[in-house]
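Single-structure report; data block below.
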There are 2 protein chains.
Amino acid sequence: MKDNSDMPGHLARRFQQIAVAVFLAEVGEAGFDLTPVQYAALATIKANPGLDQVTLAGLIAYDRTTITGVIDRLVQKGLAERRASSRDRRARELEITDEGRRTLRKITPAVESAQRIMLQGLSTGEGDELMRLLRKAIAAGNELSRAPLREA
Amino acid sequence: MKDNSDMPGHLARRFQQIAVAVFLAEVGEAGFDLTPVQYAALATIKANPGLDQVTLAGLIAYDRTTITGVIDRLVQKGLAERRASSRDRRARELEITDEGRRTLRKITPAVESAQRIMLQGLSTGEGDELMRLLRKAIAAGNELSRAPLREA
DNA sequence: CGATATTGCTCAGTATGCTGACTATCAGTA
DNA sequence: TACTGATAGTCAGCATACTGAGCAATATCG
């Protein structure tokens with residue numbers, strides 16, 4: 001039988017597990033309580049003010065049923081707002097709050113530090129190559145998950 | 001601001017997301033209802049008969065609080081058995097059942113096919129290199145998650 | 001215009017994963 | 001042997017992720 005470490009699926013799970021742990025550790029040490037998922041959502045809301053939930057989900061490849069709870073928590077923490085859209089009464093327009101902006105700004109060094117730590121065992125060239133290969137594999141498999149990436 | 005695709009953490013999450021979807025699709029098409037986590041646990045029980053839950057968790061880098069539920073479901077499906085250990089009354093000895101063995105045997109082609117599909121966008125050499133880099137990054141970060149890999 | 005299809009969002013249910021706490025048991029030592 | 005610490009397992013609680021269903025609103029087409 002194959003060893004676990006010969007299975008890309010197992011390696012994917014393990015790398016993601018470490019990535020989340022490192023993110024939470026760095027961000028927590030900086031005094032913030034934000035998950036990787038919440039961070040990505042908040043940063044994307046800031047970069048695309050007024051976007052709706054489906055568009056947000058597409059931009060970061062989340063399932064639309066997952067995003068509901070994520071935004072609930074961002075709103076509950078006072079970092080984002082959810083408003084009814086005037087153009088489409090089904091949709092919700094998302095905005096970042098001033099506190100959300102402040103949090104993003106202050107949290108950035110910890111987030112960047114976390115990205116470095118995840119790759120700490122690799123040289124710079126190896127880290128770049130890993131990201132390139134991941135991007136390529138992800139692009140080829142984009143449509144295979146229920147939550148594919150969608151351009152704006 | 002950095003793009004998502006420059007963040008190893010985001011790429012990790014996305015690759016894992018696709019890997020799970022591909023696994024479930026291939027295994028489901030073969031007529032089985034087994035998650036990647038359940039598969040890894042079952043295969044490891046088969047390879048290490050009578051091992052306890054903490055050892056199993058270490059071998060596949062699961063949290064010990066997660067493994068309880070995973071084994072519950074394997075037992076519930078009739079694929080594994082959980083027995084009290086005679087040497088240590090705190091511990092549970094895990095065994096695969098005949099049906100578990102049958103399931104593993106029949107599911108293997110689907111699992112291997114899933115591993116290939118995850119890397120379908122890469123050449124053979126690139127796939128090998130991706131796995132090498134993931135293994136290296138994971139080895140360096142092994143102790144950073146609550147559920148590090150532990151040798152037998 | 002009206003029937004139909006599609007879309008945006010939510011919800012119930014299930015399965016990882018984690019934190020932190022707790023019980024029962026075991027191991028080492030004074 | 002009694003005390004102390006460590007270990008195996010479970011549990012409650014929270015946060016992703018997914019499936020599948022449903023509701024309300026919009027878009028499309030005959």
Side-chain angles (χ1 to χ4, degrees), chain A residues 9-10 12-14 16-25 27-28 33-41 51-58 60-74 76-77 82-94 144-148 150, chain B residues 9-10 12-14 16-25 28 33-41 51-58 60-77 82-94 144-148 150:
Chain A
H10 185 264
R13 180 188 156 279
R14 190 79 187 96
Q16 149 79 353
Q17 183 181 45
I18 291 169
V20 171
V22 167
F23 186 100
L24 293 176
V27 165
D33 172 31
L34 213 63
T35 66
V37 162
Q38 289 165 14
Y39 169 81
L51 86 174
D52 64 290
Q53 294 186 191
V54 167
T55 305
L56 170 59
I60 48 187
Y62 291 5
D63 193 275
R64 71 186 192 289
T65 65
T66 301
I67 213 98
T68 299
V70 173
I71 296 175
D72 281 350
R73 287 179 278 279
L74 287 178
Q76 219 251 315
K77 290 177 183 177
R82 176 155 44 187
R83 282 199 299 270
S85 165
S86 49
R87 280 166 295 143
D88 185 339
R89 274 186 300 173
R90 292 168 302 180
R92 311 298 158 89
E93 285 176 359
L94 304 173
L144 300 179
S145 79
R146 174 163 138 164
R150 296 285 178 227
Chain B
H10 185 265
R13 181 188 155 280
R14 190 78 186 94
Q16 149 78 353
Q17 183 182 45
I18 291 169
V20 171
V22 167
F23 185 101
L24 292 177
D33 173 32
L34 212 62
T35 67
V37 162
Q38 289 164 15
Y39 169 79
L51 87 174
D52 63 291
Q53 295 187 189
V54 167
T55 304
L56 170 60
I60 49 187
Y62 292 4
D63 192 275
R64 73 186 192 287
T65 65
T66 300
I67 213 99
T68 299
V70 174
I71 296 173
D72 282 350
R73 288 179 277 279
L74 287 177
V75 169
Q76 219 251 314
K77 290 176 182 177
R82 177 156 41 190
R83 282 199 299 270
S85 166
S86 49
R87 280 166 297 142
D88 186 340
R89 273 186 302 172
R90 293 169 302 179
R92 312 296 158 91
E93 285 175 0
L94 304 172
L144 300 179
S145 79
R146 175 163 137 162
R150 297 283 178 230

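As the structure is a prediction and not an experimental result, all values here were calculated from the model. By convention in this document, chain letters (A, B, ...) are assigned in the order of the sequence lines, proteins followed by strands, and residues within each chain are numbered from 1.
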Separation of atom CZ in B/Arg89 from atom P in D/dT10, rounded to whole Å: 16 Å

Side chain to side chain contact (heavy atoms under 4.5 Å, CB included) partners of B/Arg90, counting only residues at least two apart: B/Asp88

Residue whose closest nucleotide on DNA chain D lies nearer the 5' end, A/Ser86 versus B/Glu93: B/Glu93

Set of residues satisfying salt bridge (charged side-chain N to carboxylate O under 4.0 Å, His left out) with respect to A/Arg73, sequence neighbours excluded: none

C/dT7 phosphate, OP1 or OP2, under 4.0 Å from A/Gln53 side-chain N/O: no

Interatomic distance, B/Arg14 CZ vs D/dT16 C1' [rounded to whole Å]: 15 Å

Between D/dT16 (P) and A/Ile67 (CD1): distance, integer Å: 10 Å

Atom pair distance, as rounded to whole Å: CG in A/Leu51 and P in C/dT7: 18 Å

Between A/Arg14 and A/Gln17, a side-chain donor and acceptor under 3.5 Å: yes

Atom pair distance, as rounded to whole Å: CD in A/Gln76 and C1' in D/dC14: 12 Å

Under 4.0 Å protein heavy-atom contact, by nucleotide of nucleotides 15-24 of chain C - B base, S sugar-phosphate only: SSBBBBB--B

Length of the CG-P vector between A/Asp33 and D/dA15, whole Å: 8 Å

Residue closer to the 5' end of DNA chain D, B/Asp72 versus B/Asp88 (nearest nucleotide): B/Asp88

B/Arg82: salt bridge (charged side-chain N to carboxylate O under 4.0 Å, His left out) partners, not counting sequence neighbours: B/Asp72

A/Thr68 side chain near C/dT10 phosphate (N/O to OP1/OP2, under 4.0 Å): yes

Contacts of A/Asp63 that satisfy side chain to side chain contact (heavy atoms under 4.5 Å, CB included) - sequence neighbours left out: A/Thr65, A/Thr66, A/Arg146, A/Ala147

Distance in angstrom units between A/Arg92 CZ and C/dC11 C1', rounded: 13 Å

Donor-acceptor pair, side chain of A/Tyr62 and main chain of A/Val37, under 3.5 angstrom: yes

Integer-rounded Å distance: D/dA8 P and B/Leu56 CG: 13 Å

For A/Arg64, salt bridge (charged side-chain N to carboxylate O under 4.0 Å, His left out) partners two or more places apart: none

